[in-house]
Amino acid sequence: MRTPSLISISGACIFLFLSLLLRVEAASSSDNKQWIQYTNADGETLYLDNNREPALYAQDYGDCQGDSIVNVTRFDAAYYKDNMTILFHLEGSTAVANESVMMYIGVYAYGESRFTLMFDPCFANIHSMCPINASVPIEASGIIPIAPADVAGIPEIALSIPDFEGQAILRIFANSTQSQIACYSAVLTNGHSFSHPIAVGSTVGVFVAIALVSSVATAIYGQGLQETRKHYAHSLSVFVVFSVLQHVFFTGALSMNFPSVLVAFWSNFGWASGMIYSRGMQNSINQFIGSNRGNISMVGSAPSGQNAVNLGGGYSPSMIYKRAIGLLDTIESESPSMHKRSLINSTSGFSWYGNPVAPGLPLPGNYSSFAGTLAELHIPASNAFLTGLLWFLILIALLGVSVAVAKVVVELLVKLKAIKTDRLSFFRKHWIYCGAVIVLRACYIAFFMITFLAIFQFTIGGAAGTLAVAGIVLALALLGIVGLAGYALWYRMSGQKFQNDPDQLQLKLSTAGKVPRLGWTRKSTAAKMEDSRRTVVSLPWRHLHLVDPMDRPHVHDDDDYLIKFGWLSARFRRSKWWFFAAWLVYELVRACFYGGAAGHPLTQVFGLLAWEILALFTIVTMRPFESNRLNMLMVYCLGFSKVVSVALCSAFDPRFGLGRILTTVIGIIIIVIQGVLIILMMIAVVVGAISSYMSVRRYQEDFHPQSLANTRTKFFTHLEHKATDKPLAKAVTNAKGAVLEEPKQPYFSITSVRRETKIEDEDLENENENENENDFIENDSRLSMDANQQPRDKRASAAPSVRSRTSISNLPYGARRHRASWSTRDFHNSGFDPEQIPSGMHSRMSIESIRDGSAPKSTAGVRQTWTANPSLVNIANAAVNGSSPYRDRHQKSKSLNLT
Ligand SMILES: *[C@@H]1O[C@H](CO)[C@@H](O)[C@H](O)[C@H]1NC(C)=O
Ligand SMILES: *[C@@H]1O[C@H](CO)[C@@H](O)[C@H](O)[C@H]1NC(C)=O
Ligand SMILES: *[C@@H]1O[C@H](CO)[C@@H](O)[C@H](O)[C@H]1NC(C)=O
Ligand SMILES: *[C@@H]1O[C@H](CO)[C@@H](O)[C@H](O)[C@H]1NC(C)=O
Ligand SMILES: *[C@@H]1O[C@H](CO)[C@@H](O)[C@H](O)[C@H]1NC(C)=O
Ligand SMILES: *[C@@H]1O[C@H](CO)[C@@H](O)[C@H](O)[C@H]1NC(C)=O
Ligand SMILES: *[C@@H]1O[C@H](CO)[C@@H](O)[C@H](O)[C@H]1NC(C)=O
Ligand SMILES: *[C@@H]1O[C@H](CO)[C@@H](O)[C@H](O)[C@H]1NC(C)=O
């Protein structure tokens with residue numbers, strides 16, 4: 001198998017994506033085609049399918065005058081360019097007994113009136129409207145031949161541009177009062193759209209599924225928590241994937257007057273934010289919320305069924321009746337050619353028409369605010385919160401079921417001896433715990449969505465029941481998720497103290513790269529990192545930092561913490577492990593701006609812009625993830641896209657009065673930016689799947705495809721290095737694609753040692769060790785397993801790749817036996833008195849990895865961890881001892897339960 005190059009992957013992704021977006025839907029072919037004959041202006045005779053797709057046609061329509069006297073049950077209009085015809089159908093009823101009317105049909109596109117037709121139904125063979133009569137149902141249809149001059153306002157591009165932004169507006173005026181008695185507006189389309197929720201949604205869904213599987217696989221596979229964490233941190237985060245997808249969709253939650261292209265584009269990603277239309281679910285929600293649907297005018301939408309004053313540029317009846325005489329002349333002269341056409345529906349062939357919009361939706365053709373974005377998915381804004389909540393609960397249930405299914409599959413595979421038992425033993429023993437962690441993680445990911453939707457519900461108002469549910473869910477999210485994250489911080493930070501040390505801020509000049517670079521560093525950091533750059537300027541500084549008087553291991557080295565809160569902290573760098581809490585605060589503020597300020601568009605959009613810019617700069621300086629790919633995607637790409645999207649969207653505020661064509665152009669720029677972001681995410685998912693595959697095959701000597709074996713070696717070296725959270729050493733950067741050479745000089749790689757204790761320090765505690773021999777015999781057997789691994793040593797001498805793999809596990813084979821025998825002997829010869837340990841406490845000893853066999857014993861740093869919570873350590877120990885993932889030769893730390 002050849003190495004899949006990044007370019008070909010990205011090329012394929014881009015092609016797939018664009019072809020999906022621009023897919024032109026072929027007209028449904030019908031068996032019984034009716035051909036009509038038409039002779040055009042040039043005298044050519046054309047044979048046209050009677051049921052072909054019109055160049056422009058009306059889709060769903062809504063009432064734009066709250067108290068329309070005429071009830072329209074069918075309204076469609078179509079413009080056929082090939083035979084220069086406009087067709088329209090109208091069906092309805094009225095309660096008025098005797099009223100002569102005038103009709104107006106207008107096409108309003110991209111903010112301008114493009115075509116108007118005004119006529120007296122009596123001259124157009126529409127007898128059911130001449131006059132309108134309560135006992136006669138209205139049935140009007142017409143075939144209107146037009147001249148090129150009539151449609152000069154509709155440029156050619158309008159017929160091919162995706163998501164043509166136009167409305168067909170029907171107005172009926174009463175002669176007696178000279179006022180409008182009915183208004184209906186239908187959205188116009190040319191059949192091309194960026195909205196392909198099923199095609200795009202399922203494609204992106206496949207990528208999300210790949211990301212989910214590869215992330216979960218790295219999380220549950222492995223022989224030690226800390227090693228598993230390292231590999232998990234480099235798989236692609238589902239959290240990042242959803243952050244990207246939700247960012248794209250929820251940009252549509254700004255209370256702006258969006259162009260149709262954007263809303264159509266966003267509709268492809270609604271599913272990732274819980275906005276999935278299902279008729280059954282919507283009906284149930286409608287029943288629950290009753291008639292109180294809140295007020296979407298609050299957020300700048302144009303609700304259907306209310307008077308839309310300025311629709312289509314507005315129209316004053318007095319103008320009609322003044323201008324009528326001149327206009328009627330032209331219509332009258334044309335009226336003989338206005339034929340009647342039978343009202344046909346999709347069963348009888350004509351399929352290019354829409355239906356009245358459901359209650360609660362905005363007027364079709366108006367894409368303002370979140371209500372407009374949701375309308376593209378046929379979900380009323382009033383139902384958004386409950387829809388999102390229900391789908392989220394369904395997702396939780398699905399996740400629970402999948403974990404159970406995974407458990408069954410794993411057990412089956414173990415029975416069939418298809419997989420090694422010990423590497424999935426943690427999952428097999430604690431699958432319920434794993435399921436709970438996955439559900440908690442889902443809650444963490446959904447935090448923004450749920451809080452935003454709940455706050456948005458409060459903004460638009462609605463039925464008391466809905467508001468109560470929103471309140472409860474909001475409180476649960478705040479108390480539950482924020483509370484948990486706060487507890488995770490407190491659990492580690494409590495007892496830590498702030499210390500304010502004098503320090504120096506140094507401006508350093510780096511000449512290592514091609515371009516010399518300047519950068520600020522603290523002197524203490526520079527000393528820690530062995531920064532050899534030249535100092536240019538030095539300023540006095542104070543360094544405020546936390547000190548842990550209890551000297552606990554770092555959260556990434558602490559099995560207890562990994563078990564409890566690893567689902568929050570595991571992906572972040574050592575120095576930024578607390579980033580999950582910062583992110584929650586960031587998301588909460590965003591949700592408040594999006595939801596709470598929705599009624600004040602300018603506050604919302606500029607407040608958000610300021611917050612996103614602040615967040616971008618803060619997060620870029622942090623680069624919180626351990627994995628470079630995640631930093632790239634989440635910090636740089638997502639951050640950039642968020643800032644630019646909000647900044648560009650701010651131009652859509654109706655107050656700025658931007659032209660609709662310019663609005664559409666800006667919309668396409670946003671689509672390009674967000675589309676590129678999605679494509680990058682897809683590429684990251686593919687690369688992440690490959691790296692996760694490497695992670696999962698880390699215990700195997702041979703790796704297929706062979707061509708990636710070197711990459712795997714480099715990846716593992718990189719991974720080990722990233723886990724230390726130190727800048728890249730020169731030796732690593734200098735290796736030009738070749739396999740990294742083992743350093744000539746022996747050196748030690750000790751990941752995070754808080755306090756290095758001398759062996760002598762431990763003597764006191766080790767004195768009475770023999771009393772507790774049972775524990776140590778078990779331990780002994782485990783430790784000595786290392787020495788007995790004959791096959792390993794054989795392979796070590798045979799396969800060159802072992803060298804690299806050794807550096808991966810941080811355990812050089814040369815050192816193993818030496819260390820094992822040393823530890824065993826040491827433990828046996830020294831005494832250890834469990835009585836000296838306060839009751840209820842556990843001691844866990846971790847033997848740090850030694851890089852080279854010649855290491856002095858004292859640097860082995862026998863480390864002791866005290867923890868006041870026995871139960872969780874028991875879980876950890878049970879996990880470790882039961883089926884013992886630690887029993888493997890790759891062990892790094894050992895836990896002893898001493899009580
Ligand atoms: C143009 O095509 C439409 C749809 O096929 C048809 O209904 C209409 O009669 C045609 N117009 C003329 C003038 O033939
Ligand atoms: C329009 O139709 C709906 C139901 O189809 C009915 O409830 C309403 O009263 C009608 N309005 C008028 C003005 O006829
Ligand atoms: C309305 O229609 C009924 C039945 O066709 C007819 O008897 C009545 O005269 C009509 N009313 C008007 C005002 O045309
Ligand atoms: C309907 O109204 C018109 C004028 O308002 C009147 O001339 C006509 O006689 C009326 N028709 C009926 C059947 O009442
Ligand atoms: C309604 O008013 C228009 C304009 O004033 C007039 O041309 C038309 O004949 C009137 N319709 C009827 C049925 O009287
Ligand atoms: C809805 O909100 C708009 C704008 O805030 C306000 O003018 C209108 O009166 C409200 N409608 C209802 C029914 O409360
Ligand atoms: C949609 O409706 C809002 C509120 O009535 C209005 O400000 C906006 O201009 C409308 N948008 C379009 C595209 O007509
Ligand atoms: C479609 O039209 C046919 C005949 O015109 C009619 O029998 C049928 O009920 C109509 N169907 C719908 C859904 O309106």
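Everything numeric here is computed off the predicted structure, so don't read it as measured data. Start at 1 and go down the list; that is how both ligands and their atoms are numbered.
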Subject >> 4.5 Å side-chain heavy-atom contact, Thr459 and Tyr594 >> reply: no

Original post:
Strictly under 6.0 Å, is that where the ring centroids of Tyr110 and Phe164 end up?
Top reply: yes

Subject >> Tyr353 six-ring face occupied by Arg74 cation (under 6.0 Å, within 45°) >> reply: yes

Original post:
When you look for heavy atoms under 4.0 Å from ligand 1, do you find them on the side chain of Met84, its backbone, both, or neither?
Top reply: neither

Original post:
What is the closest protein heavy atom to atom 5 (O) of ligand 6, and at what distance does it sit?
Top reply: Met298 SD, 3.7 Å

Subject >> Distance from atom 9 (O) of ligand 4 to nearest protein heavy atom, with residue and atom >> reply: Asn98 ND2, 4.6 Å

Original post:
So, is Asn83 polar-close to ligand 1, with some N/O to N/O distance under 3.5 Å?
Top reply: yes

**OP:** Give a yes or no on whether atom 2 (O) of ligand 4 lies under 4.0 Å from any heavy atom of the protein.
**Re:** yes

**OP:** Measure from atom 7 (O) of ligand 4 to the protein's non-hydrogen atoms and state whether any distance is below 4.0 Å.
**Re:** no

Original post:
Of the choices Ile460, Val299, Asn295, which has the non-hydrogen atom that lies closest to atom 11 (N) of ligand 6?
Top reply: Asn295

Subject >> Matching residue for Asn383 among Gln282, His378, Gln457 - test: side chain to side chain donor-acceptor pair (under 3.5 Å) >> reply: Gln282

Original post:
Where does the angle between the aromatic ring planes of Phe448 and Phe452 fall among parallel (under 30°), tilted (30 to 60°) and perpendicular (over 60°)?
Top reply: parallel

Subject >> Cationic N near anionic O, under 4.0 Å, Glu112 to Arg660 >> reply: no

